[in-house]
*Asks:* 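Okay, here's the structure, questions in a sec.
All values below were derived from every heavy atom in this structure, side-chain atoms included, with hydrogens, water molecules and symmetry-related copies excluded.
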Amino acid sequence: MPANLQKQMLGGDGVMRYIDSTSSIPAASGYLFDYVIVNTQNTIVSVLQDENNVSLVSEWNISGKELSPGILLIGKNGARIKAVTVSFGSVIGYQSRDYGNLRV
């Protein structure tokens with residue numbers, strides 16, 4: 001993706017991170033994603049935890065459910081997402097520089 005388009009999507013400099021079944025993001029990793037976008041058809045997310053320790057998989061009742069590309073996953077009440085595990089398919093996490101704590 002061209003850098004200027006990425007900056008526009010992220011509202012400034014930021015980081016996009018590809019996450020699939022081989023590249024989970026544990027809570028202790030230090031990442032805080034503003035949101036996560038489902039990237040591939042039939043994606044199954046088994047862990048999605050926001051910075052307030054809310055399990056969004058449980059909150060939204062999406063355990064074991066296949067998600068479609070383009071679905072936006074965001075923390076409850078705008079909280080950032082700190083842990084992501086994908087069982088099948090892939091997602092892309094977006095992290096803005098605005099919040100600090102930027103991981104590359």
Side-chain angles (χ1 to χ4, degrees):
M1 176 174 297
N4 58 352
L5 180 56
Q6 178 183 348
K7 285 181 181 182
Q8 184 178 12
M9 288 176 66
L10 294 170
D13 292 334
V15 171
M16 291 189 296
R17 175 102 179 175
Y18 177 86
I19 305 162
D20 64 10
S21 61
T22 65
S23 60
S24 295
I25 302 294
S29 70
Y31 282 96
L32 289 172
F33 297 112
D34 300 318
Y35 52 92
V36 173
I37 299 282
V38 176
N39 188 47
T40 55
Q41 189 66 36
N42 304 325
T43 294
I44 299 174
V45 177
S46 55
V47 173
L48 192 65
Q49 184 180 28
D50 74 16
E51 63 187 326
N52 298 320
N53 297 318
V54 174
S55 169
L56 302 169
V57 169
S58 298
E59 185 80 20
W60 299 332
N61 193 28
I62 59 171
S63 180
K65 303 215 172 118
E66 295 178 350
L67 305 176
S68 298
I71 291 177
L72 177 73
L73 304 170
I74 189 166
K76 188 172 181 179
N77 297 322
R80 294 173 289 166
I81 295 172
K82 71 176 185 178
V84 182
T85 300
V86 176
S87 300
F88 182 82
S90 65
V91 299
I92 298 176
Y94 293 87
Q95 183 180 17
S96 166
R97 189 175 295 277
D98 297 340
Y99 288 115
N101 195 21
L102 186 70
R103 294 290 308 259
V104 185

*Asks:* Measure across N39 and P69 and return the closest heavy-atom pair with its distance rounded to 0.1 Å.
*Replies:* O-CB, 3.9 Å

*Asks:* Is a donor on one side and an acceptor on the other found under 3.5 Å between the side chain of N52 and the backbone of V54?
*Replies:* no

*Asks:* I'd like to know if the side chain of E51 reaches the main chain of R80, judged simply by a donor and an acceptor atom lying under 3.5 Å from each other, with no hydrogens or angles considered.
*Replies:* yes

*Asks:* Testing I92, V15, I19 one by one against F33 for a side chain to side chain contact (heavy atoms under 4.5 Å, CB included), which residue passes?
*Replies:* I19

*Asks:* For the backbone of K76 and the side chain of D50, can you confirm whether one donor and one acceptor N or O come within less than 3.5 Å of each other?
*Replies:* yes

*Asks:* Nearest 0.5 Å please: distance from the CG atom of D34 over to the CG atom of L72.
*Replies:* 10.5 Å

*Asks:* Look up atom CG in L48 and atom CD1 in I74, then write down how far apart they are to the nearest 0.5 Å.
*Replies:* 11.0 Å

*Asks:* Provide the closest heavy-atom pair for S24 versus T85 in the form atom of the first, atom of the second, distance.
*Replies:* OG-CG2, 3.3 Å

*Asks:* State, to 0.1 Å, how close N42 and E66 come at their nearest heavy-atom pair, and which atoms those are.
*Replies:* OD1-OE1, 3.2 Å

*Asks:* Please tell me if the side chains of Y31 and V84 come closer than 4.5 Å, counting only heavy atoms from C-beta onward.
*Replies:* no

*Asks:* Tell me whether the count of non-hydrogen atoms from other residues, nucleotides or ligands lying under 6.0 Å of CG in N53 goes above 12.
*Replies:* yes

*Asks:* Can you tell me how far the OH atom of Y18 sits from the OG atom of S23, to the nearest 0.5 Å?
*Replies:* 7.0 Å

*Asks:* Running the 4.5 Å side-chain criterion over Ile, Leu, Val, Met, Phe, Trp and Tyr, what cluster does I44 land in, apart from itself?
*Replies:* F88

*Asks:* Do L56 and I81 come within less than 4.5 Å of each other through their side chains, counting heavy atoms only?
*Replies:* yes

*Asks:* Which atoms form the tightest heavy-atom contact between P26 and A83, and what is the distance?
*Replies:* C-CB, 4.2 Å

*Asks:* Is a side-chain donor or acceptor of T40 paired with a backbone partner of G89 at a separation under 3.5 angstrom?
*Replies:* no

*Asks:* Do V47 and W60 share a hydrophobic cluster (ILVMFWY, side-chain heavy atoms under 4.5 Å, transitive)?
*Replies:* no

